[in-house]
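Single-structure report; data block below.
Just so you know, these numbers use all the heavy atoms, side chains as well, and skip hydrogens, waters and symmetry mates. Proteins get letters first, then strands, A, B, ... in listed order; numbering begins at 1 in each. Every value quoted in this text rests on a predicted model; they were computed, and no experiment measured them.
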Amino acid sequence: MELKEAMETATAELDVRPGFVGDVMAGARRRHTRKLLAVTAAVALLAGVTSGVVLTRSSSEPPLADDVRLTAAIGGDLADQTEFIQQSLTAWTKGTAVGDLVTEVSPDAHVFWAGNTQDGRVSLIAQSVRVPSYTKPQTLVGLVRDDTVVDQEIVYKGAREQGIYRLGSDENATYVVLSLGQKVFWSVSPVRGQDLRYSRKWHEASFHDGVAVVSAKPTEKPVFIRTDNGPPADDVNRVGERILPRQEMEQQKVMQPHTGLGWRDVMWASARQEPSRPGSSADKLVAEDLMRRGYLDYDTPYLLWEVRAWLPDGRFAVVTETNDELVGALYQPDGTFDRVLPGGPW
Amino acid sequence: MQDFEDFVALRSQALLRTAYLLCGGDKGAAEDILQDVLMSMYGKWRRIRTSPEAYARTALANAAANRWRRRARKPEAPLDLGAVPTSRGHEEHVVDADSVVRALAQLPKKMRAVLVLRFFDDLSEAETARTLGCGVGTVKSQTSRGLARMRELMGEQVLTWN
């Protein structure tokens, strides 16, 4: 049975009680009235001691986000190209839709960087917007190439910003990366060593006016990391915060549960099945553990089958598949990682 | 506010189903948090009317999580989370329906919310992350672990997903 189908079956008979809508409406009106009365009382109280203070935001007031890019001096080698900048802003306005994700836009759209890349002239733009579920305005940041909006990202206050945009083709791409006050390292073509662990050579992105332009071939598996310190060469994916352009994030969304052997179960090959995992990491998948130890590279999907066994000598063995081949891992009885055992292609 | 009333009338059933799964099968709690969330939306309707469903889902996920936090602080009789039935018979669909809710109830609240939003409400990873206020990476790992855990909990009633 599919998970969705099972959930739908489980809830198929559910409906709200009779009178639910009326209860909600009555309760909502009561709550709203109480709130208005409380606000009115507070305003009256303050009015006695304060004059000229505006307590409520006018509905016609445009949203203003707290983001220095909204007023920053324009950076980049096209900073003085006013005609191009105006063209970018026109494209931005035309390409910014108000809808489910952005409910209101401010007229403060501002180009904070404009420059040449091998894939054309681009500009980076910031704009204050209102978004659902947030009372304060947030910032919409995006990239325009010539007269087309390539991508936009809502930057929620305090939340992580990707700050990376991809242009060009799948054969040759240009990555426009924002510094956001940190260093960015990038790497292509992971190398797998004799010990089966992956390594990558990292390059520090060169920023000018807070923006780096990097050329790379998507087929060579480029990875970008935003961090304060460069990752060591043998560290595949443990240091820093990986940043992904939207195209590559979209590719990651696709679940691939049927790769390889297509199994999706945890199976046991020994009579003893307790504890289900050694040590304290009872819910950890071996694939996650192997990734943490460098045996899997970035973008290797988690594989959701394992064959587990407690061995006669007390050790714990697990077999799964990754990188198109079988792989085994041995753990000591206390959960200490022992070694990886290559199983060859399936 | 006719459109708010229309929204409540039209979408309450669907939202109740999401709330029911988020609450691990506690219908009373699901109805309570749904009513509370809908009432709170009334005063904000002008601001959220363009995407009320997204707002409601976020609020329901938060309310379900806070409910569990409150429960954790307050000693209560534990939910009956006995062994998941795995026998198959003429009421197989009833067993499956019951066991998926029981299995969901045994997941950590965030993991459960991720699975409900991703597979019941059909949200993308990015939408789920936005709804729960976490990163896409968290959604991916919670999905992965959650599915593995569901399979373990549901025994021979193997779950698939697309």
Chain B shares the most heavy-atom pairs under 4.5 Å, among A:Leu101, A:Val16, A:Asp15, with A:Asp15
The reported gap from CZ in A:Arg29 to CE in B:Met39 (rounded to nearest 0.5 angstrom) is 12.0 Å
Cut-off 4.5 Å, heavy atoms of chain A, and the answer for B:Thr18 is neither
Honestly, the part of A:Ile154 sitting under 4.5 Å from a heavy atom of chain B is neither
One option among B:Leu38, B:Val139, B:Leu15 has the most heavy-atom pairs under 4.5 Å with chain A, and it is B:Leu38
In terms of heavy-atom pairs under 4.5 Å with chain A, the winner among B:Leu34, B:Asp121, B:Ile48 is B:Leu34
Taken to the nearest 0.5 Å, the spacing of A:Met7 CE from B:Arg17 CZ works out to 14.0 Å
Cut-off 4.5 Å, heavy atoms of chain A, and the answer for B:Leu104 is side chain
Applying a strict 4.5 Å limit to non-hydrogen atoms, the region of A:Ala26 in contact with chain B is neither
Looking only at heavy atoms, the pair that brings B:Val100 and A:Ala10 closest together is CG1-CB, 3.9 Å
Separation between CG (A:Leu14) and CD (B:Glu31), nearest 0.5 Å, reads 9.0 Å
Q. Is A:Thr11 close to B:Phe120 at the side-chain level, that is, under 4.5 Å between some pair of heavy atoms?
A. yes
B:Lys27, NZ: over 12 other non-hydrogen atoms inside 6.0 angstrom:
yes
Does the side chain to side chain contact (heavy atoms under 4.5 Å, CB included) test come out yes or no for B:Asp122 and A:Lys4, once each step is laid out? CA-CA 9 Å; B:Asp122 289 326; A:Lys4 181 176 175 59; 3.0 Å; yes
Residue from B:Glu53, B:Arg130, B:Gln35 scoring the most non-hydrogen pairs under 4.5 Å with chain A is B:Gln35
